[in-house]
There are 2 protein chains.
Amino acid sequence: MEPAATVLDLNQLRRSCSSCALYELCLPAGIGGDDLDRLDATVKDKRTLERGAMLYRENDTFEALYVVRSGALKTFVQNEAGDMQILAFHLPGEILGFDALATNLHVSQAEALERSSICELPYAKLQQVTSEVPALHRQLMRVISREVVEEHRHLVMMGKQQAQEQLASFLHGLADRYQRLHRDGTALNLPMSRYDIANYLGLVVETVSRLFSRMEEMGVLEVNRKSVRILRPDLLAALCRTDTVSRRNDVG
Amino acid sequence: MEPAATVLDLNQLRRSCSSCALYELCLPAGIGGDDLDRLDATVKDKRTLERGAMLYRENDTFEALYVVRSGALKTFVQNEAGDMQILAFHLPGEILGFDALATNLHVSQAEALERSSICELPYAKLQQVTSEVPALHRQLMRVISREVVEEHRHLVMMGKQQAQEQLASFLHGLADRYQRLHRDGTALNLPMSRYDIANYLGLVVETVSRLFSRMEEMGVLEVNRKSVRILRPDLLAALCRTDTVSRRNDVG
DNA sequence: GCGGCCAGTTGACGGAAGTCAACGGGCTGC
DNA sequence: GCAGCCCGTTGACTTCCGTCAACTGGCCGC
């Protein structure tokens, strides 16, 4: 046990998945021992992104999948006219980059909402490991599937006819994700702007702003810029659905 | 070459991927020769679903992935109250069932919109083959990724602020998919109801109906119940975007 | 500290789309 | 063939949310 080796071990350990505080949330879940070590080896040194920095852009060649270690990102697409549609917000432990698997080119863009730390999983190396470790292959499929299910949630949110239901569902879902990160699920610190929230939900920023104010008046929230405290989780949950029976959404 | 064997061969051939008219559209794309044969062997006999029949329901255990051979299906989720949100329409050559990969339980439902023929790919067998054929593994990942990208398109559609843009985009995208199937992309025969279209886009059925009428008046479409003829593809494409610059979607 | 800028909020207004209602016309089953 | 049902369309009305505008307060750079 010479000191130098110990230091090296610590450094490697620090950046390895097995010691990652979020490790049960991301790829290795369900993988143990040797297999985890092999996965560790494929993780490139982590990157840090400043607020506003791009992780990847449209048409970038597919190099790697990325796991958020800390901070938050948004992914979005833009059309020729420059119109943006936000696809997702990514919190620590969440993976992004799957959009490029189909064509080997990214078809969306990823931007840091705040100073963020990112794990990079070079796909070539990842592919090599998955071919040797069937468990990782299955796990990777599961992770993509979760991505699909997450997008379903987004679609359901956007399908709601009342803007208030949409925002309530958004906050409710965010609180859930915070709790999964062992954070306080009632004291949200929103990394995204009102503008981003509006775009994500298919609304305009004024509507979102008014809804925050209205929900504050109702005693559901306490809003202070980016900081949102959920005073009445029960009421928030109730606001996620309309009381009146909707004609559109009933089963035919 | 005794007659009986020939008949058997023909039958097997008929239901095999290598002779499937849609084969370049679905899983085997990019796979050849021996590998294709092995994939053929994993495909279970095809199923036929009548209009309204369910392919799978929520909480069904994950058995297989499914490829549409003919007909059309919709996938959707329902909440406790029975509210429905349609997630996708599936045309021939398209795969469904990926939602269950994460939990081994389906979290959505699939229903035939008309008499449909389905290829069943039992996942256990598929997994065995993918572990032996790396190319298929990569192909499968690509297909799921395409699913993700397809959902992005749905999100962009729902994010549009004008209902007319939404419907125009929907029809435009449908025309594209018809052409990929070597069908006439200007003579659509909609397998889904107005109700389904409305739900898919987050609108109500009256709005969709009015928009069809309006677009007919504009000379863009000729509508006759389920049959929609696109008279002016150029105008339809133009209707997919608003002329006026939208504040919400501009890049900040 | 000060100025400017941008994010966010609020108000007034109008219009697009949702709601409610009536009706027509296929399709199905008897 | 006829009845009944459901799908789709259309009209009248209402309302929610998008638009435009003004204003405030944080934040950053100078």
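Residue numbering restarts at 1 for every chain, and letters A, B, ... go by the order of the sequence lines.
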Subject >> Spacing between K160(A) atom NZ and dG18(C) atom C1', to the nearest angstrom >> reply: 17 Å
Original post:
Considering residues, nucleotides and ligands other than R177(A), do more than 12 of their heavy atoms fall under 6.0 Å from its CZ?
Top reply: yes
Original post:
Can a side chain N or O of K226(B) be found less than 4.0 Å away from OP1 or OP2 on dG26(C)?
Top reply: no
Original post:
Quick one: Q166(A) CD to dC17(D) C1', roughly how many Å, whole number?
Top reply: 11 Å
Subject >> Distance-only polar pair, side chains of S108(B) and D99(B), donor-acceptor under 3.5 Å >> reply: yes
Original post:
Does T207(A) have a side-chain nitrogen or oxygen under 4.0 Å from the phosphate oxygens OP1 or OP2 of dG18(D)?
Top reply: yes
Subject >> Cationic N near anionic O, under 4.0 Å, E120(B) to R47(B) >> reply: yes
Original post:
Any donor-acceptor pair under 3.5 Å between the side chain of E206(B) and the base of dC20(C)?
Top reply: yes
Original post:
Rounded to whole angstrom units, what separation is found between the CG atom of N199(A) and the P atom of dC17(D)?
Top reply: 17 Å
Original post:
Under 4.0 Å: is that the gap between some side-chain N or O of Q162(B) and OP1 or OP2 of dA17(C)?
Top reply: yes
Original post:
OP1 or OP2 of dT9(C) sitting under 4.0 Å from any side-chain N/O of R194(A)?
Top reply: yes
Original post:
Between R214(B) (CZ) and dT9(D) (C1'), how many Å, whole number?
Top reply: 15 Å
Original post:
So do the side chains of L201(A) and L167(A) get within less than 4.5 Å of each other, counting heavy atoms only?
Top reply: yes
Original post:
Rounded to the nearest Å, what distance is computed from the CZ atom of residue R51(A) to the C1' atom of nucleotide dC27(D)?
Top reply: 11 Å
Original post:
At under 4.0 Å between heavy atoms, what does S209(B) touch on the DNA or RNA strands: base, sugar-phosphate, or nothing?
Top reply: base
Original post:
Can we say E114(B) and R51(B) salt-bridge, meaning some charged N sits less than 4.0 Å from an Asp/Glu carboxylate O?
Top reply: no
Subject >> Five-pair end axes of the helix from dG1(C)-dC30(D) to dC30(C)-dG1(D), angle between them (10°) >> reply: 60°
Original post:
Quick one: on DNA chain C, does R225(A) or R210(A) contact a more 5' nucleotide (nearest heavy atom)?
Top reply: R225(A)
Subject >> N224(B) CG to dG24(C) P, straight-line distance once rounded to whole Å >> reply: 18 Å
Original post:
What class does the angle between the rings of H106(B) and F62(B) fall in, given that below 30° is parallel, 30 to 60° is tilted and above 60° is perpendicular?
Top reply: perpendicular
**OP:** Would you tell me whether H152(A) and E151(B) have side-chain atoms, one donor and one acceptor, within less than 3.5 Å of each other?
**Re:** yes
Subject >> Gap between atoms CG and C1', on L203(B) and dC16(D) respectively (whole Å) >> reply: 15 Å
Original post:
With respect to the phosphate group of dT9(C), does any side-chain polar atom (N or O) of S213(A) fall under 4.0 Å of OP1 or OP2?
Top reply: no
Original post:
Does CZ belonging to R115(B) count more than 12 external heavy atoms closer than 6.0 Å?
Top reply: no
**OP:** Give a yes-or-no answer on whether the side chains of Q109(A) and Q78(A) include a donor-acceptor pair shorter than 3.5 Å.
**Re:** yes
**OP:** Identify the residue among F76(B), Y178(B), Y200(B) that makes a ring pair (Phe, Tyr, Trp, His ring centres under 6.0 Å) with F89(B).
**Re:** Y200(B)
Original post:
Roughly how many Å is it from CD in Q164(B) to C1' in dG18(D), rounded to a whole number?
Top reply: 17 Å
Original post:
What residues in residues 216-223 of chain B put a non-hydrogen atom under 4.0 Å from any atom of DNA chain D?
Top reply: none
